[in-house]
Amino acid sequence: MELDSKDLNAKERWEKAVSKATSRFPERKETFTTSSNIKVDRLYQPKGEEVNKELGYPGEFPYTRGIQPTMYRSRFWTMRQYAGFGSAEETNKRFRYLLEQGQTGLSVAFDLPTQIGYDSDDVMSEGEVGKVGVAIDTLEDMEKLLDGIPLDKVSTSMTINAPASILLCMYLAVGEKQGVPFEKITGTIQNDILKEYIARGTYIFPPKPSMRLITNIFEFCNQYVPKFNTISISGYHIREAGSNAVQEVAFTIANGMAYVDAAIESGLKVDDFAPRLAFFFNAHNNFFEEVAKFRAARRIWAKIMKEHYQAKDPKSWKLRFHTQTGGSTLTAQQPDNNIVRVAMQALSAVLGGTQSLHTNSRDEALSLPTEDSARIALRTQQIIAYESGVADTIDPLAGSYYVENLTDEIEKKVNNYLDRIKEIGGAVQAVEEGYMQREIHHNAYEIQKNIEKEEEIIVGLNKFTLDEEVEPDLMKVDEALEKGQIKSLTRIKEKRDNEKVASALAALSENAKNERANLLPFILDAVRVYASVGEICNVLREEFGEYQGV
Amino acid sequence: MGKKIRVLVAKPGLDGHDRGALVISQALRDHGMEVIYTGLRQSPLQIAQAAIQEDVDVVGLSSLSGAHRTLFPKVVEELEKRGAGDIPVVGGGVIPSVDIPYLLEKGVKRIFTSGSSTDLLANYIKELVDPQTTPVTAPKKIAHIGIAVESIEQASTFYLDSLGLQLEGVEEVQSEGVKVAFIKIGETRFELLEPLNEESPIRKFLDKKGEGLHHIALEVDDIHARLEQLKANGVALINEEAKLGAHNSQIAFIHPNAASKVLYELCQYPEGSEA
């Protein structure tokens with residue numbers, strides 16, 4: 001086998017990969033044509049020239065043209081809309097609605113107390129319960145959230161970081177109750193703590209113990225939950241915090257390298273966890289730069305994994321990513337204009353070869369999306385997929401002088417940043433020194449000044465403005481929800497077996513002291529007996545301390 | 001130079017989005033203020049204590065998580081409880097406009113929503129802290145030069161035929177008893193003013209001084225604020241309140257005694273219209 005594939009030339013090798021892929025996932029149509037009946041090929045290449053090694057073939061190193069041999073000819077990207085607000089029951093209703101509407105994966109947003117490890121009845125949680133996502137205190141909330149949703153059929157992405165281990169364990173515990181074994185559970189946890197220190201702010205513990213929790217998850221999942229994506233290394237929030245496209249890719253990849261280093265240091269082999277690493281990028285307005293950014297990111301990561309970390313498994317080389325359109329590009333003024341922005345950003349992600357996509361709702365600069373707005377956002381993806389034809393051939397912008405130049409330039413500039421971060425001593429050190437935070441802040445301030453000087457035009461904001469604007473219908477979270485959530489938490493704390501909770505928490509505390517121990521089994525035991533997110537985090541706060549910011 | 005304005009920029013609650021708070025802090029520093037940024041996750045009590053301890057002139061709150069309805073009023077409350085209710089509190093972030101009246105009612109001075117300019121905020125704070133020292137922002141341009149004439153028909157031949165300028169239109173402004181011809185030149189225009197009746201101020205001007213330069217009009221952004229400011233600075237005004245002028249503009253005249261006998265008009269055009 002090995003010898004055979006070496007003898008084949010690159011094109012034949014790719015064709016072989018295509019026939020293997022299509023036998024599993026046949027292409028959507030037997031032949032693809034344009035409206036004028038022009039045949040659309042799977043792949044276009046320069047005629048009569050050798051294929052540029054920096055581009056290669058789709059599904060092959062360095063993956064500039066995509067990570068699968070057939071890309072969207074077989075299956076579209078996963079349309080995954082982030083949702084979650086208020087109580088677990090309400091969110092469950094929205095999930096069922098979205099699944100009925102043709103959404104193909106779930107994505108859970110948690111409220112801030114859950115993300116920062118406070119129970120709903122904590123004094124710090126006041127005013128925040130159920131505001132930006134669903135409130136989860138104990139396993140009972142998770143059971144309500146996933147009620148009637150078969151965990152062996154649906155893959156779920158959870159935007160959770162500092163307490164990711166706890167929410168993952170709750171998800172697995174619900175699976176257990178449904179009779180779904182761990183090996184069949186699929187989904188993603190964000191679990192990317194470094195960008196929390198840099199850009200998003202929902203950290204709990206200091207970097208070192210946080211990195212330990214992350215490698216504990218890598219190890220546990222490699223052993224017991226092999227289909228779960230253990231981290232989603234996120235540039236999204238770095239971009240939202242005000243970085244440019246190059247910084248987004250550079251800092252994300254630097255963080256990714258820090259996770260790989262930590263895992264290797266803890267004794268894992270690179271090919272044991274690297275195939276489960278996933279990425280999460282933003283899609284902003286500068287169309288071609290965004291397309292080039294995705295292509296460049298894939299190529300940079302592939303080279304790092306293969307050459308720097310000596311990974312042997314091609315799955316370790318592939319940068320798989322989710323994309324969300326840029327929240328900070330939306331305007332509160334003339335919110336319907338945002339539909340157009342989102343459509344173009346989504347298109348750039350598709351032309352950049354994303355594996356899954358969230359399209360923002362037009363009203364996100366005003367409040368949480370209404371059902372109408374959320375539907376339009378999903379329809380936008382469906383229109384791109386089913387009507388535009390852009391998914392009928394692989395990497396259609398390849399070979400554009402402009403796009404290839406942008407791709408090369410982004411790669412170069414990202415590498416400059418990576419060298420700088422290496423000089424500082426790696427991403428963890430750079431975060432602790434506030435290096436990335438400062439770089440992002442400078443850029444954010446420049447953007448703001450340029451907008452105010454009208455050197456950067458935002459339609460409806462600093463040009464083509466309207467005087468009177470009608471406030472659209474907005475989704476509001478019920479203020480009574482906080483009280484209800486606290487009540488049900490109080491009830492749970494009374495009716496559960498508190499002795500079991502105490503002993504599970506004591507075992508967790510004991511093992512947290514031992515740096516070599518994997519904490520996942522102890523967290524799993526604690527959530528099974530309905531210990532709350534806040535209680536578990538408090539035990540860990542006691543052992544690890546809290547991060548104070550730069 | 002008075003002492004520097006001190007501002008506390010705070011992030012109440014658990015929200016971690018501090019791009020706006022950081023950009024605003026930087027912008028206010030560039031406007032010469034001293035800014036203390038609290039960092040993330042501050043309780044209303046902590047914010048009030050910090051405001052008092054740091055002896056700030058104003059507190060700016062930023063929230064994007066939807067907790068503003070609970071947390072902003074709490075900050076005001078905590079300040080009041082500690083006898084510091086005179087420190088004004090302003091807020092910003094993702095704040096639906098339906099929530100703004102509620103927040104104002106609860107004692108928040110003003111809400112700046114997404115898309116507000118940092119200059120607007122800085123100037124607002126300067127005015128809030130010390131209305132007397134509000135920096136004077138220069139008028140945008142000369143909107144027009146008004147010339148009193150006995151007859152537009154006769155006077156306009158010089159402008160149109162000899163100078164070759166274009167007539168834009170003629171309009172009667174009944175409230176002023178005047179007929180106006182608009183002649184564009186560069187980014188400004190001449191206005192030839194012909195009295196419509198004996199009561200017209202232009203008639204009185206012609207009787208007293210004969211034909212000639214009548215007034216110069218300056219275009220401004222916020223005519224109401226501008227009039228307040230001129231009044232506060234002791235500038236004599238003919239019109240203390242703005243009134244309706246040609247092209248739906250709002251206008252007011254400054255007394256010639258304030259400006260070496262030249263009559264100045266302030267005018268503000270409705271947003272989006274071509275001045």
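Below, read A as the first sequence line, B as the second, and so on, with proteins coming before strands; counting in each chain starts at 1.
- Geometrically, B:Arg29 does not engage A:Tyr445 in a cation-pi contact, judged by NZ or CZ lying under 6.0 Å from the ring centre and within 45° of the ring axis.
- Interface remark: A:Ile451 contributes no atoms to any contact with chain B (heavy atom separation under 4.5 Å).
- Ranking B:Leu40, B:Thr113, B:Leu64 against chain A, the residue ahead of the rest is B:Leu40, based on heavy-atom pairs under 4.5 Å.
- Between chain A and the options B:Gly13, B:Gly20, B:Ala27, the largest number of non-hydrogen pairs under 4.5 Å is found for B:Ala27.
- Looking at A:Tyr203, both its backbone and its side chain come within 4.5 Å of chain B, counting heavy atoms on both sides.
- Without hydrogens or angle criteria, A:Thr331 side chain to A:Gln333 main chain gives a donor-acceptor distance under 3.5 Å.
- Between A:Phe544 and A:Phe205, the ring planes lie perpendicular to each other; the angle is over 60°, past the 30° to 60° tilted range.
- For A:Gln115, no part lies near chain B; criterion is any non-hydrogen pair under 4.5 Å.
- Judged by a 6.0 Å distance limit and a 45° cone about the ring axis, B:Arg69 is positioned over the six-membered ring of B:Tyr102.
- In the displayed structure, A:Lys453 atom NZ is contacted under 6.0 Å by more than 12 heavy atoms of other residues, nucleotides or ligands.
- Interface remark: B:Ser25 contributes no atoms to any contact with chain A (heavy atom separation under 4.5 Å).
- At a 4.5 Å heavy-atom cutoff, B:Lys11 makes no contact with chain A through either its backbone or its side chain.
- Options B:Ile24, B:Ile95, B:Leu22 differ in how many heavy-atom pairs under 4.5 Å they form with chain A, and the most are formed by B:Leu22.
- Heavy-atom distances place both the backbone and the side chain of B:Ser117 under 4.5 Å from chain A.
- Ranking B:His68, B:Arg19, B:Lys74 against chain A, the residue ahead of the rest is B:Arg19, based on heavy-atom pairs under 4.5 Å.
- Ring pair B:His144/B:Phe182: centre-to-centre distance not below 6.0 Å.
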Test ring pair (Phe, Tyr, Trp, His ring centres under 6.0 Å) applied to A:Phe281 and A:Tyr236, step by step: CA-CA 5 Å; A:Phe281 289 113; A:Tyr236 183 81; over 10 Å; no

